[in-house]
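Take a look at the structure set out below.
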Amino acid sequence: MGSTSDYDVMSGAEQILSSFGVEFEKKVISAHRTPDLMYEYTKGAKSRGVGVIIAGAGGAAHLAGVAAGLTTLPVIAVPMQTKALGGLDSLLSMVQMPTGIPVATVAVNGAKNAALLAVEILAVTDVALAEKLDEYRQQQAEKVINSKI
Ligand code: RP5
């Protein structure tokens with residue numbers, strides 16, 4: 001994430017990844033304030049065994065786009081809601097990537113869905129994880145079916 005101020009939202013991703021037993025790295029790295037660290041971290045990600053990068057940032061939210069330019073790992077962007085422009089600024093900064101450098105952008109503050117998408121990507125080559133995803137979907141459906149109003 002781009003700042004510690006993003007953590008309230010990004011902790012949603014942490015909760016989901018933990019619930020699926022997926023290991024993750026949790027870092028504050030800014031594309032603008034720490035560009036050297038951004039380069040070093042992203043360039044080393046694949047060799048550290050990282051499978052997917054989730055980048056949460058707000059405002060002039062270039063974190064995901066810069067990461068995507070530095071690696072061929074899948075990058076998922078979480079646009080943060082902002083006080084000034086409600087998160088539309090973050091969303092547009094992240095979603096309009098140039099052809100050739102894709103970023104998968106979720107909804108404003110959509111950290112949980114970013115984590116679920118990451119789990120889905122990892123589950124393509126992980127049978128046990130795919131089974132956990134099926135169970136998660138089943139439980140979700142049962143909650144809706146059994147809901148009382
Ligand atoms: C972005 O600027 C961060 O991702 C954060 O959402 C926003 C504000 O950062 P702080 O000023 O709170 O550190 O880079």
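Whatever order the structure lists them in is the order used to number ligands and atoms, beginning at 1.
The nearest pair of heavy atoms linking Asp6 to Ala57 is OD2-CA, 4.0 Å. Considering all non-hydrogen atoms of both residues, Arg33 and Ser30 come closest at N-OG, 2.8 Å.
Per-residue contacts place Asp6 under 4.0 angstrom from the following atoms of ligand 1 (heavy atoms of the residue considered): 3 (C), 4 (O), 5 (C), 6 (O). For ligand 1 and Gly2, the ligand atoms under 4.0 Å from any heavy atom of the residue are 3 (C), 4 (O).
Considering both main-chain and side-chain atoms, Arg33 comes within under 3.5 Å of ligand 1 through a nitrogen or oxygen pair. Taking only nitrogen or oxygen atoms, main chain and side chain alike, Gly58 reaches within less than 3.5 Å of ligand 1. Geometrically, ligand 1 and Ser3 share a nitrogen or oxygen pair separated by less than 3.5 Å.
Heavy atoms from other residues, nucleotides or ligands lying under 6.0 Å from CD of Glu23 number 12 at most.
The side chain of Ser5, and not its backbone, has at least one atom closer than 4.0 Å to an atom of ligand 1 (non-hydrogen atoms only; side chain from C-beta on).
Hydrophobic clustering keeps Leu92 apart from Val66 (ILVMFWY residues linked when any side-chain heavy atoms are closer than 4.5 Å, directly or through intermediates).
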Query raised in the report: Can you check side-chain hydrogen bond (donor to acceptor under 3.5 Å, both in side chains) on Lys132 and Ser19, steps first, answer last?
Result: CA-CA 10 Å; Lys132 285 185 193 172; Ser19 73; over 6 Å; no

